[in-house]
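Here's the structure, in structure tokens; my notes come after.
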Amino acid sequence: MDTLPMSLWLDLLGTFVFGLSGGMLAVRRNLDLFGIAVLAGAAALFGGVIRDVTLGATPPAALSDSRYVLAALAAAALAFFAHPLIDWVAKPVMVLDAMGLGLFAVVGCRKALDLGVGPLPAMLLGVVSAVGGGVIRDLLVTEVPRVLREEIYALAAMLGAGIVVLGQLLDLPQGPTALAAATLTALFRMVSVWRGWHLPRAGS
């Protein structure tokens with residue numbers, strides 16, 4: 001499979017999943033339809049916008065390709081109409097957030113590498129693009145962003161980005177490497193929550 005379609009597919013999937021996490025958080029906060037759409041759009045699009053602007057890829061894909069906005073709106077609509085079904089999943093916001101984290105970390109790092117960015121900066125950009133939408137989402141509902149308060153978040157994104165960089169250094173197939181990296185990132189994040197893992201805190 002060609003790299004560009006795979007990256008686009010993962011990017012759109014990450015956009016939808018992050019949008020769904022934002023939409024479900026809005027439902028939990030009892031926001032109306034407009035609030036759900038705003039929170040879904042913020043979670044879905046801002047990470048990619050930060051990534052593209054940082055890379056000089058302007059206008060950002062979220063503004064130049066209507067599929068990104070449509071993916072965010074579809075996620076908002078699904079959260080609005082099907083939230084009881086989605087709530088069957090244990091901690092649905094966390095699960096969806098973990099999936100989006102893995103997808104955006106991989107796509108952000110991969111896009112940076114494709115544009116000639118070095119391995120370490122590419123990994124950092126993967127992390128920034130993965131956490132950016134979630135930060136805006138949490139701030140809009142006056143929460144401390146997850147990346148600053150939860151057990152393993154940015155570190156999980158760093159893992160996924162690191163696998164992408166390692167795959168390039170070893171000349172591994174990009175598609176399978178990207179899927180493996182996104183999956184391992186999401187699993188690491190979910191297991192860390194389940195097991196209560198966290199980084200050291202001052203005074204503890």
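Everything numeric in this text was worked out from a predicted model, so none of it was measured.
- Each of Leu39, Ile36, Leu31, Leu96 was evaluated against Leu25; a single residue qualifies, Leu39, per the side-chain contact (heavy atoms from CB on, under 4.5 Å) test.
- Transitive grouping of hydrophobic side chains (ILVMFWY, heavy atoms separated by less than 4.5 Å) keeps Phe81 and Met24 in distinct clusters.
- Residues Leu155 and Leu184 share a single hydrophobic cluster, defined by chaining ILVMFWY side chains whose heavy atoms lie under 4.5 Å apart.
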Open item on the list: Using the rule given for side-chain contact (heavy atoms from CB on, under 4.5 Å), can you reason through Phe16 versus Leu20, listing the C-alpha separation, both sets of side-chain angles and the distance that settles it, and then say yes or no?
Closed with: CA-CA 6 Å; Phe16 177 80; Leu20 198 52; 4.3 Å; yes

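- Applying the salt bridge (charged side-chain N to carboxylate O under 4.0 Å, His left out) definition to pairs two or more places apart or across chains, none involves residues 154-167.
- When hydrophobic residues (I, L, V, M, F, W, Y) are linked wherever their side-chain heavy atoms come within less than 4.5 Å, the members clustered with Ile50 are Val128.
- Transitive grouping of hydrophobic side chains (ILVMFWY, heavy atoms separated by less than 4.5 Å) brings Val27 and Phe80 into a common cluster.
- Between the side chain of Ser21 and the backbone N or O of Phe18 there is at least one donor-acceptor pair closer than 3.5 Å.
- Here the side chain of Asp138 pairs no donor or acceptor atom with the backbone of Glu143 at under 3.5 angstrom.
- With sequence neighbours left out, Ala154 forms a side chain to side chain contact (heavy atoms under 4.5 Å, CB included) with Val127, Val147.
- Contact check for Val95 versus Met99: side-chain heavy atoms found under the 4.5 Å cut-off.
- Not a single donor-acceptor pair under 3.5 Å links the side chain of Ser7 to the backbone N or O of Val107.
- Aromatic ring orientation, Trp197 versus Phe188: tilted (interplanar angle from 30° to 60°).
- If you take CD on Gln174 and CG on Asp114, they are separated by 6.0 Å, rounding to the nearest 0.5 Å.
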Task: Derivation of the side-chain contact (heavy atoms from CB on, under 4.5 Å) call for Phe104 and Thr15 - done: CA-CA 8 Å; Phe104 266 36; Thr15 298; 3.7 Å; yes

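- When all heavy atoms of Ala61 and Asp52 are compared, the closest pair comes out as N-OD2, 2.9 Å.
- Using a 4.5 Å heavy-atom cutoff, the side chains of Thr177 and Val106 are not in contact.
- Linking Ile, Leu, Val, Met, Phe, Trp and Tyr residues whenever their side-chain heavy atoms come within less than 4.5 Å leaves Val49 and Leu13 in two separate clusters.
- Here Arg146 contributes atom CZ and Arg189 contributes atom CZ; the two are 6.5 Å apart, rounded to the nearest 0.5 Å.
- Heavy atoms only, all atoms of each residue included: Gly19 and Ala75 are closest at C-CB, 3.5 Å.
- Atom CG of Leu85 is separated from atom NE2 of His83 by 10.5 Å, given to the nearest 0.5 angstrom.
- In this structure Ala112 satisfies the side chain to side chain contact (heavy atoms under 4.5 Å, CB included) test together with Leu55, Val117, Ala122, Leu125, sequence neighbours excluded.
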Listing, residues 67-74 side-chain donor-acceptor contacts under 3.5 Å, not counting sequence neighbours, or none:
from: Arg67; atom 1: NE; to: Asp65; atom 2: OD1; distance (Å): 3.0
from: Arg67; atom 1: NE; to: Asp65; atom 2: OD2; distance (Å): 3.2
from: Arg67; atom 1: NH2; to: Asp65; atom 2: OD2; distance (Å): 2.8
from: Tyr68; atom 1: OH; to: Asp11; atom 2: OD2; distance (Å): 2.8

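- Between Arg51 and Ser129 the shortest heavy-atom distance is CB-CB, 3.6 Å.
- When every heavy atom of Gly23 is checked against every heavy atom of Ala79, the shortest pair comes out as C-CB, 3.6 Å.
- Clustering ILVMFWY residues whenever any of their side-chain heavy atoms sit less than 4.5 angstrom apart, transitively, puts Val131 in the very cluster that holds Leu139.
- Here the CZ atom belonging to Arg137 is positioned 13.0 Å from the CG atom belonging to Leu45, to the nearest 0.5 angstrom.
- Summarising the local packing, CG of Asp32 is surrounded by more than 12 heavy atoms from other residues, nucleotides or ligands at distances under 6.0 Å.
- Residue Leu120 qualifies as open at atom CG: its count of foreign heavy atoms under 6.0 Å is 12 or below.
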Identify all side-chain donor-acceptor contacts of residues 156-172 below 3.5 Å with residues at least two apart in sequence or on another chain.
from: Gln168; atom 1: OE1; to: Arg110; atom 2: NH1; distance (Å): 3.4
from: Gln168; atom 1: OE1; to: Arg110; atom 2: NH2; distance (Å): 2.4

